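Inspection log for the structure reproduced underneath, given as structure tokens.
Below, all heavy atoms of this structure are taken into account, side chains as well, without hydrogens, waters or symmetry copies. Start at 1 and go down the list; that is how both ligands and their atoms are numbered. Computed from a predicted structure; not experimentally measured.
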Amino acid sequence: MTVPTLYEWAGGAAALERLFTAFYARVRDDPELRELFRDMDPDHPRHVAAWLGGVFGGPPVYSRQRGGHAHMVGMHLGKAITERQRRRWVELLQDAADETGLPADPEFRTAFTGYVEWGSRMAVLLSQPGVRPGPPEPMPTWTWALPPWQPPGETAAE
Ligand code: HEM
């Protein structure tokens, strides 16, 4: 079996845009997060969907059209994100994943949650006072922690 990318498994660009549209609607109304996102660009959900699409093995839209890793880093600098805000951000994203019907199989959600945990902790570190942008880095890439489930008898080992 050819292993699909996380981007393909998630449902491509349309699914990721649905996810982040629902997510940032929740963020905008959330007492813990709304102040931090007060100046959010109306296209923010689309930009973050493009970011995640690239990280999950989809087309490199964010790196080609939105400044790639350096631009993402710059958007977090100086924001002083707290651990409490990070936790809330992660919780609302998980809620939005369920609401928009992102695949709920254990293998996909393990990979998805792993990235969200790592990325949100990176955002907190980058956002602390005095942190300056480091040397240019490529976009991160993320893949399955466990291969997608296959019916017994169809694995290479059989
Ligand atoms: C996996 C974790 C995360 C990813 C992938 C991510 C991704 C991004 C990206 C790509 C941008 C720039 C979008 C653009 O090009 O305009 C951005 C901006 C931003 N992020 Fe994150 N982020 C993450 C975690 C967080 C967390 C945990 C917080 C705070 C709780 C946060 C707060 C913000 C804010 C306030 C902006 C600027 C929004 C604006 O004013 O337009 N991010 N993020």
Side-chain angles (χ1 to χ4, degrees), residues 5-100 102-104 106-146:
T5 62
L6 292 171
Y7 171 82
E8 289 164 339
W9 195 272
L16 296 179
E17 287 189 20
R18 268 198 309 278
L19 169 69
F20 284 107
T21 301
F23 169 61
Y24 287 109
R26 287 170 182 260
V27 165
R28 220 180 284 118
D29 288 342
D30 187 74
E32 202 81 60
L33 293 175
R34 64 180 166 224
E35 180 61 21
L36 187 59
F37 286 88
R38 166 186 80 218
D39 300 325
M40 179 162 54
D41 184 325
D43 278 339
H44 190 61
R46 211 167 46 80
H47 295 318
V48 180
W51 166 274
L52 192 64
V55 172
F56 276 9
V61 175
Y62 196 90
S63 50
R64 297 242 169 100
Q65 296 175 14
R66 191 74 188 161
H69 186 264
H71 186 75
M72 182 282 295
V73 169
M75 294 296 280
H76 294 97
L77 291 180
K79 295 233 164 13
I81 301 167
T82 64
E83 171 59 15
R84 198 180 158 99
Q85 288 171 322
R86 185 195 74 79
R87 287 273 183 106
R88 187 69 183 137
W89 193 99
V90 170
E91 186 183 13
L92 293 183
L93 188 57
Q94 302 286 13
D95 289 347
D98 291 343
E99 178 194 330
T100 60
L102 211 62
E107 292 77 11
F108 177 77
R109 286 300 180 96
T110 296
F112 178 76
T113 302
Y115 174 70
V116 166
E117 190 64 21
W118 178 79
S120 63
R121 286 175 183 276
M122 291 301 293
V124 170
L125 293 175
L126 289 168
S127 76
Q128 296 311 300
V131 172
R132 294 180 192 287
E137 280 182 51
M139 298 276 295
T141 55
W142 210 259
T143 189
W144 302 89
L146 295 166

Give the atom numbers and elements of ligand 1 that come within less than 4.0 Å of a heavy atom of [X].
{"X": "Tyr115", "answer": "1 (C), 5 (C)"}
{"X": "Gly119", "answer": "1 (C), 2 (C)"}
{"X": "Asp39", "answer": "40 (O)"}
{"X": "Ala123", "answer": "24 (C), 25 (C)"}
{"X": "Ser120", "answer": "1 (C), 2 (C), 27 (C)"}
{"X": "Trp51", "answer": "5 (C), 10 (C)"}

Any side-chain heavy atom of Leu92 within less than 4.5 Å of one from Arg88?
->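 The answer is yes, as the side chains (C-beta and beyond) meet within the 4.5 Å cut-off.
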Parallel, tilted or perpendicular: rings of [Y] and [X] (30°, 60°):
{"X": "Phe23", "Y": "Trp89", "value": "perpendicular"}
{"X": "Tyr62", "Y": "His71", "value": "tilted"}
{"X": "Phe108", "Y": "Phe112", "value": "parallel"}

So how far is it from [X] [atom1] to [Y] [atom2], rounded to the nearest 0.5 Å?
{"X": "Asp43", "Y": "Arg66", "atom1": "CG", "atom2": "CZ", "result": "7.5 Å"}
{"X": "Lys79", "Y": "Leu126", "atom1": "NZ", "atom2": "CG", "result": "11.5 Å"}
{"X": "Leu93", "Y": "Arg26", "atom1": "CG", "atom2": "CZ", "result": "10.0 Å"}

Answer yes or no: does an N/O atom from Gln85 fall short of 3.5 Å to an N/O atom of ligand 1?
->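 There is no such contact.
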Considering distance alone, does some N or O of Asp41 sit under 3.5 Å from an N or O of ligand 1?
->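 So ligand 1 has an N or O lying under 3.5 Å from an N or O of Asp41.
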How far is [atom] from the closest protein heavy atom, and which atom is that?
{"atom": "atom 3 (C) of ligand 1", "answer": "Trp89 CH2, 3.5 Å"}
{"atom": "atom 11 (C) of ligand 1", "answer": "His44 CE1, 3.8 Å"}
{"atom": "atom 16 (O) of ligand 1", "answer": "Arg66 NH2, 2.8 Å"}
{"atom": "atom 7 (C) of ligand 1", "answer": "His76 CE1, 3.9 Å"}
{"atom": "atom 9 (C) of ligand 1", "answer": "Met72 CG, 3.7 Å"}
{"atom": "atom 15 (O) of ligand 1", "answer": "Tyr62 OH, 2.5 Å"}
{"atom": "atom 39 (C) of ligand 1", "answer": "Met40 CA, 3.7 Å"}
{"atom": "atom 36 (C) of ligand 1", "answer": "Met75 O, 4.0 Å"}

Where's the contact between [X] and ligand 1, heavy-atom distance under 4.0 Å: side chain, backbone, both or neither?
{"X": "Lys79", "value": "side chain"}
{"X": "Phe37", "value": "side chain"}
{"X": "Leu36", "value": "both"}

Using the side-chain contact (heavy atoms from CB on, under 4.5 Å) rule, pick out the option among Val27, Val48, Thr100 that qualifies with Phe20.
->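 So the option named by the test is Val48.
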Run the salt-bridge test on Glu91 and Arg87 with the 4.0 Å N-O cut-off and return the result as yes or no.
->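 Arg87 and Glu91: not salt-bridged.
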Thinking salt bridges, do Arg86 and Glu32 make one under a 4.0 Å N-O criterion?
->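 No, this pair does not count.
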If only atom types and distance count, is the side chain of Arg109 paired as donor or acceptor with the main-chain N or O of Pro103 below 3.5 Å?
->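 Present.
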Quick one: closest heavy-atom pair of Ala80 and Gln85, and the distance?
->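 Heavy-atom minimum between the residues: O-OE1, 4.1 Å.
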Among Val124, Ile81, Leu52, Val116, which residue places a heavy atom closest to atom 29 (C) of ligand 1?
->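 That would be Ile81.
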